[in-house]
Amino acid sequence: MIWRRKIKMSVCVRIKKSFGDFVLDVEFETGNEVLALLGASGCGKSMTLKCIAGIVRPDEGRIVLDGRTLFDSEKHIDLPPQKRHLGLLFQNYALFPNMTVKENIMSVLTRAEKNSDCESRFASLSQTFYFRGLEDHYPSQLSGGQQQRVALARIIATDPAMIMLDEPLSALDSYLRWQLEQELVDLFEKFSGTVIYVSHNRDEVYRMCGKVCVMHKGKSEDVRTVKDLFESPKTLAASLLSGCKNYSRAKVLGEGRVRALDWDTELECAQIPEKVRYIGVRAHYIKPCSAGGANVIKCKILRVTEDVFSTVVTLLPENASEARGFSQIRMELSKQEAAGLKTGNLISVRVDPKDILLLS
């Protein structure tokens, strides 16, 4: 039996760590679920995992797993990595290059407590993670997907209280990435503890995770459901990570109206919260229309680009001062909808008030 832990877990992380001009300031709490740390490269996601695992010591804060304190700067608690009982899958998988597949996993099994039947446990792991027949191979003789399976098996062999994965699919080609993504989903469903999944890929996060914590320049935002993030991001950073393509700096005019400064046009929108600094509109919510009416923007077509299954039309609002920064608008249409549109043409497009994202 591989999946042993059946108790309810909770993880509380509140840490700060300074690296010169870069400051990691992270706070989140999660339970027995898959939580994504979503952010651009260099935002501190991987460093957060290293702090939780005990590889890097935070300057201050606390890390608590199911009531067990792993780190507390005030109480001078800092458990070493081997006593934290966490499984961390690095981007490069970190297999021992001078050991075979079996030796890599047995090196963990033989140290595990109350694990006298190592051979039986190894056989079970090899079947679960699909590497039977590769027992005598070295990591250099394995494909990227095979290395990942072995690394995951080695983590599960430690019977971890929590699993953390650092961009586990980033180095794989698209076909293999999809195949291993499905295997990871199966693993998450069988594992009854907490999983923290680091990624900069919004599509992976949407398909695989239930909760998400956006990170931007070292600082974490509030934990939200994945669906909530994609439907109503609250900040520019979160909206960018959710895949929205069109933005403008905004000035609130009152009574449900804003001025899109980069597009030099007034727009009606839904109820406006405080501290709105930007608006965002997803590319597939912008549609061609007849001239006149609310939320109509007159534009010049800068470029028409054929994508695999759609057409991308790059627009410049007629009142925009120059074609750079947020001033350009991306519109995504079906090939049928885009028929007849040509570079240099003038066009009117419309945005429904409910489709305008109001961002801080």
Side-chain angles (χ1 to χ4, degrees), residues 38-42 170 173-175 177-178 199-206 214 216 229-233 235-251 257-269 276-359:
L38 177 64
S41 297
S170 61
D173 63 61
S174 58
Y175 173 76
R177 187 162 57 242
W178 173 257
S199 180
H200 65 269
N201 187 312
R202 70 179 191 276
D203 297 327
E204 284 179 15
V205 167
Y206 189 85
V214 168
H216 180 62
L229 170 70
F230 281 81
E231 290 184 351
S232 57
T235 67
L236 178 62
S239 184
L240 284 163
L241 289 167
S242 75
C244 185
K245 297 294 192 299
N246 300 305
Y247 300 94
S248 171
R249 294 167 297 155
K251 179 181 178 181
R257 297 186 67 83
V258 297
R259 172 165 285 279
L261 300 176
D262 293 286
W263 305 340
D264 194 21
T265 188
E266 290 187 14
L267 297 171
E268 296 179 2
C269 51
V276 171
R277 299 172 56 208
Y278 303 91
I279 62 165
V281 183
R282 300 193 184 278
H284 57 281
Y285 287 151
I286 298 173
K287 297 294 182 182
C289 68
S290 57
N295 288 11
V296 172
I297 308 172
K298 294 181 180 180
C299 301
K300 178 181 179 180
I301 298 177
L302 298 181
R303 188 176 298 106
V304 178
T305 306
E306 290 286 331
D307 209 343
V308 179
F309 301 111
S310 63
T311 300
V312 178
V313 184
T314 305
L315 307 170
L316 180 67
E318 66 173 0
N319 295 331
S321 57
E322 51 186 327
R324 68 177 190 179
F326 286 153
S327 61
Q328 294 187 19
I329 296 175
R330 173 173 170 149
M331 176 172 65
E332 295 184 12
L333 303 172
S334 69
K335 293 183 182 293
Q336 184 177 5
E337 290 174 316
L341 297 182
K342 298 184 182 301
T343 299
N345 286 358
L346 299 179
I347 187 175
S348 293
V349 298
R350 184 177 183 275
V351 181
D352 194 295
K354 67 178 176 58
D355 294 328
I356 297 176
L357 302 174
L358 300 165
L359 310 168

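All values below come from the heavy atoms of this structure, side chains included, with hydrogens, waters and symmetry mates left out.
Closest approach of Ile347 to Met331, counting heavy atoms only: CD1-CE, 4.2 Å. Across all their heavy atoms, Arg282 and Phe230 have their closest contact at NH2-O, 2.7 Å. When all heavy atoms of Val205 and Ser199 are compared, the closest pair comes out as CG2-CB, 4.0 Å. When every heavy atom of Ala260 is checked against every heavy atom of Leu267, the shortest pair comes out as CB-CD1, 4.2 Å. Among all heavy-atom pairs drawn from Pro353 and Arg350, the shortest one is CD-NH2, 4.1 Å. Residues Ser327 and Pro317 approach most closely at O-CD, 3.1 Å, considering heavy atoms.
In terms of the side chain to side chain donor-acceptor pair (under 3.5 Å) criterion, Thr314 has no residue partners (sequence neighbours excluded). For Tyr278, there are no ring pair (Phe, Tyr, Trp, His ring centres under 6.0 Å) partners at least two apart in sequence or on another chain. Scored by the side chain to side chain donor-acceptor pair (under 3.5 Å) test, Arg277 finds no partners at all (sequence neighbours excluded).
In terms of modelled atom types and a separation under 3.5 Å, the side chain of Asn295 and the main chain of Asp352 share no donor-acceptor contact. With hydrogens and angles ignored, the 3.5 Å screen pairs no side-chain donor or acceptor of Asp307 with any backbone N or O of Phe309. Remark: side-chain polar atoms of Tyr247 are paired, donor with acceptor, to backbone N or O of Ser239 under 3.5 angstrom. A donor-acceptor pair under 3.5 Å is absent between the side-chain atoms of Tyr285 and the main chain of Lys354, judged by distance alone. Distance alone, capped at 3.5 Å, is enough to place a donor-acceptor pair between the Ser248 side chain and the Leu261 backbone.
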Open item on the list: Using the rule given for salt bridge (Lys or Arg N to Asp or Glu O under 4.0 Å), can you reason through Glu306 versus Lys335, listing the C-alpha separation, both sets of side-chain angles and the distance that settles it, and then say yes or no?
Closed with: CA-CA 8 Å; Glu306 290 286 331; Lys335 293 183 182 293; 2.6 Å; yes

TODO: Might you work through the side-chain contact (heavy atoms from CB on, under 4.5 Å) test for Leu333 and Leu341, ending with a clear yes or no?
DONE: CA-CA 11 Å; Leu333 303 172; Leu341 297 182; 3.8 Å; yes

Open item on the list: Assess the residue pair Leu315 and Ile301 against the criterion (side-chain contact (heavy atoms from CB on, under 4.5 Å)); give the C-alpha distance rounded to whole Å, side-chain angles, the decisive distance to 0.1 Å, and a yes or no.
Closed with: CA-CA 5 Å; Leu315 307 170; Ile301 298 177; 3.8 Å; yes

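To the nearest 0.5 Å, atom OG of residue Ser242 and atom CG of residue Leu38 are 9.0 Å apart. Interatomic distance, CG of Leu359 versus CG of Leu240, reported as 8.5 Å (0.5 Å rounding). Here the NZ-CG distance, from Lys300 to Leu316, works out to 8.0 Å after rounding to the nearest 0.5 Å. The CZ atom of Arg330 sits 13.5 Å away from the CG atom of Leu302 when rounded to the nearest 0.5 Å. Taking SG from Cys299 and CG from Asn345, the interatomic distance works out to 12.5 Å, rounded to the nearest 0.5 Å. Distance check, rounded to the nearest 0.5 Å: CG of Leu357 to CG of Asn246 gives 10.0 Å.
Between Cys269 and Leu358, some side-chain heavy-atom pair lies under the 4.5 Å cut-off.
Annotation: Lys287, atom NZ; neighbour count of heavy atoms from other residues, nucleotides and ligands within 6.0 Å is above 12.
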